[in-house]
Amino acid sequence: MRGECFSEKMEYEVYIHVPFCLRRCGYCDFNTYTATDLGAGASRGNYANMVIREMRTVRRWQLDHGIDEPAASTVFFGGGTPTILPASDLVRMVDAIRDAWGLASDAEITTEANPDTVDADYIRELADGGFTRISFGMQSAVPHVLRTLDRTHTPENVAAGVLAAGRCGLRSSVDLIYGAPGESLDDWRTSVRAAIDLGVDHVSAYALTVETTTKMGRRIAAGTLPKPDDDDEAAKYEIADDLLSAAGLQWYEISNWARPGQESRHNLGYWRNVDWAGMGPGAHSHYAMPDRPDDGRGRGEDAYGIRSWDIAHPRMWGRKVSLDEVPWQGEETITYDENAEETIMLGLRLREGLGLDRLSVELGRELTADMFRPVLDEGLAVIENGRIVPTRRGRLLNDSLIAECFGICGL
Ligand SMILES: C[S@@+](CC[C@H](N)C(=O)[O-])C[C@H]1O[C@@H](n2cnc3c(N)ncnc32)[C@H](O)[C@@H]1O
Ligand code: SF4
């Protein structure tokens with residue numbers, strides 16, 4: 001039976017990408033478009049209908065390929081800015097997931113929200129429609145940092161959103177970014193403390209990534225903004241980890257902290273490598289092979305799973321959806337070895353760590369804790385209950401930890 005060794009493979013998640021923003025933040029490289037970028041002919045008004053049409057096509061494709069997924073355990077709307085759409089559109093898409101696959105009775109249903117785009121009525125409509133969580137793009141609580149990041153919201157918008165969510169029984173998370181040009185260590189402490197004071201049960205804190213294609217990337221290349229500094233970012237990571245842990249939010253993934261039991265189940269699913277279907281321009285999907293042997297008989301270049309990714313531009317994507325064809329830009333087979341690499345990279349980001357049992361099955365040879373002695377001696381990881389768990393040093397030097405573990409596993 002599929003998934004008998006890796007029980008988490010029985011989980012099924014649905015991601016819906018909403019590729020629209022009111023305006024683009026200068027640092028952001030996500031697949032998102034403003035009305036000006038899109039021009040005439042690509043409509044936000046019809047977007048929910050198109051996603052629902054894609055769901056039906058994908059469901060048919062799954063069944064044609066012997067993939068019969070269980071009811072969705074989590075749903076996540078990301079972007080872009082999902083909350084740029086009317087709340088009723090988001091709820092209709094949730095209803096369509098229930099029709100296509102079913103929804104577990106305790107399903108976690110999250111949307112990302114730009115604090116500018118939601119008010120109490122909007123949040124109430126989401127809660128009434130079955131949403132359980134909302135993740136606000138707070139980024140910073142310091143006005144000059146928000147300006148550098150081109151954010152249009154104020155710290156007060158975030159507080160109002162979190163309060164409204166709490167009144168409707170929704171769990172709240174906030175996203176923070178550290179390392180913006182001009183942000184001092186004290187600015188960062190202010191932002192982390194402000195997030196804690198909001199009373200949220202979950203915080204994501206990301207180091208600013210600078211992509212050369214963004215407005216910020218061009219300004220840094222031209223020398224009009226300073227480059228983020230690795231030591232400054234490491235110091236800010238430690239500040240976040242210290243302040244959040246002291247406030248009762250424990251790290252459970254390198255960039256994520258939560259009160260016990262309030263982790264994002266959806267994101268944990270990605271890191272545990274479960275099956276998910278992604279809808280919308282640029283969204284990725286990931287399925288285990290329906291007939292995959294999970295008893296150690298699969299090896300090396302044998303097929304372990306399938307990955308596909310949707311066409312990135314909304315107009316091209318929409319054309320394909322209208323033909324009732326899967327709107328994919330591409331698809332590829334994931335081999336057992338490639339999957340083992342992903343298991344290592346993802347597992348070493350997690351507080352629960354990397355299970356040696358599972359990795360041994362995926363690699364087809366037994367791995368012992370002793371083989372990992374070099375990374376333990378360097379203080380990058382510890383062994384807990386047969387799992388390799390990164391230390392804080394291992395979180396800060398995660399790329400080195402992963403590279404060493406690849407070497408130890410012969411990958
Ligand atoms: C799709 S956005 C969240 C929702 C909404 N669009 C917003 O920004 O308010 C997801 C998160 O990715 C993070 N992010 C985006 N670009 C980033 C970058 N270049 N470096 C670090 N984090 C980034 C931000 O924290 C952002 O909140
Ligand atoms: S950070 Fe969020 S609001 Fe800003 S451009 Fe990216 S997706 Fe849009």
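Note: hydrogens, waters and symmetry copies are ignored here, and every other heavy atom, side chains too, is used. What you are looking at is a predicted structure, and each value in this text was computed from that prediction instead of being measured. Indexing begins at 1, ligand by ligand and atom by atom, following the structure's order.
Look at Glu183 and Lys236 and you find a salt bridge, because one of the NZ, NE, NH1 or NH2 atoms lies within 4.0 Å of a carboxylate O, short of that distance. Salt bridge annotation for Asp242-Arg392: present, with a cationic side-chain nitrogen under 4.0 angstrom from a carboxylate oxygen. Checked for salt-bridge contact, Arg59 and Asp68 meet the test: a charged N lies under 4.0 Å from a carboxylate O.
Centroid-to-centroid, the aromatic rings of Trp188 and Tyr178 come within less than 6.0 Å. Two rings, from Trp251 and Tyr237, have their centers 6.0 Å or more apart. Checked against the 6.0 Å centroid threshold, Tyr252 and Trp257 do not count as a close aromatic pair. A distance below 6.0 Å separates the ring centres of Tyr270 and Trp276. Between His313 and Trp317, the ring centre distance reaches or exceeds 6.0 Å. In summary, the aromatic rings of Phe20 and Tyr47 are positioned with their centroids under 6.0 Å apart.
Taking 4.0 Å as the cut-off, Gly79 counts as a neighbour of ligand 1 on heavy-atom distance. Close to ligand 1: Gly80, with a non-hydrogen atom less than 4.0 angstrom away. Proximity of Asp29 to ligand 1 is not established, as no heavy-atom distance is less than 4.0 Å. Not a single heavy atom of Ser204 lies less than 4.0 angstrom from ligand 1. Between Arg151 and ligand 1 there is a heavy-atom distance shorter than 4.0 Å. Residue contacts with ligand 1 leave out Cys21, since none of its heavy atoms falls under 4.0 Å from the ligand. Heavy-atom separations between Arg151 and ligand 2 include at least one value shorter than 4.0 Å.
The Ala207 neighbourhood of ligand 1 comprises atoms 20 (N), 21 (C), with distances under 4.0 Å to a heavy atom of that residue. Near Ala113, the atoms of ligand 1 lying under 4.0 angstrom from a non-hydrogen atom of the residue are 9 (O). Listed by atom number, the atoms of ligand 2 under 4.0 Å from Cys21 heavy atoms are 3 (S), 5 (S), 7 (S), 8 (Fe). Listed by number with element, the atoms of ligand 2 under 4.0 Å from a non-hydrogen atom of Tyr27 are 1 (S). The contact set between ligand 1 and Asn114, taken as ligand atoms under 4.0 Å from a residue heavy atom, comprises 9 (O). Of all atoms in ligand 1, numbered sequentially from 1 with element shown, those under 4.0 Å from a heavy atom of Gln139 are 8 (O), 24 (C), 25 (O), 26 (C), 27 (O). Every atom of ligand 1 is numbered from 1 in the order shown, and the set under 4.0 Å from a heavy atom of Thr81 is 6 (N).
Here the straight-line distance linking atom CD of Glu233 with atom CG of Leu208 works out to 6.5 Å at 0.5 Å rounding.
Of the protein's non-hydrogen atoms, the one nearest atom 11 (C) of ligand 1 is Asp175 OD2, 3.3 Å. If you check which protein heavy atom lies closest to atom 23 (C) of ligand 1, you get Ile177 CD1, 3.7 Å. For atom 12 (O) of ligand 1, the closest non-hydrogen atom of the protein is Phe30 CZ, 3.5 Å. What sits closest to atom 3 (S) of ligand 2 on the protein, heavy atoms only, is Asn114 ND2, 3.5 Å. Closest to atom 13 (C) of ligand 1, if we only count protein heavy atoms, is Tyr206 CD1, 4.0 Å. If you check which protein heavy atom lies closest to atom 4 (Fe) of ligand 2, you get Cys25 SG, 2.3 Å.
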Could you go step by step and tell me if His144 and Asp187 meet the side chain to side chain donor-acceptor pair (under 3.5 Å) rule?
-> CA-CA 9 Å; His144 80 85; Asp187 289 336; 2.8 Å; yes

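At a 3.5 angstrom cut-off on N or O pairs, Tyr27 counts as close to ligand 1. By the 3.5 Å distance cut-off applied to N or O atoms, Glu112 is not counted among the residues near ligand 1.
The part of Thr81 lying near ligand 2 is the side chain, judged by heavy-atom distances below 4.0 Å.
The shortest non-hydrogen separation linking Ser73 to Ala104 is CA-CB, 4.1 Å. Taking every heavy atom of both residues into account, Leu348 and Asn398 meet most closely at O-ND2, 3.1 Å.
No hydrogens or angles considered: nothing links the side chains of Asn267 and Asn256 as a donor-acceptor pair under 3.5 Å. Counting only N and O atoms by type, the side chains of Thr117 and Asn114 include no donor and acceptor under 3.5 Å apart.
Nearest to atom 19 (N) of ligand 1 by heavy-atom distance, out of Leu149, Thr209, Val174, is Thr209. Around atom 7 (S) of ligand 2, the closest heavy atom drawn from Gly78, Gly80, Pro19 belongs to Gly80.
Inclusion of Cys28 in the first shell of atom 8 (Fe) of ligand 2 is not supported: no N, O or S atom falls under 2.8 Å.
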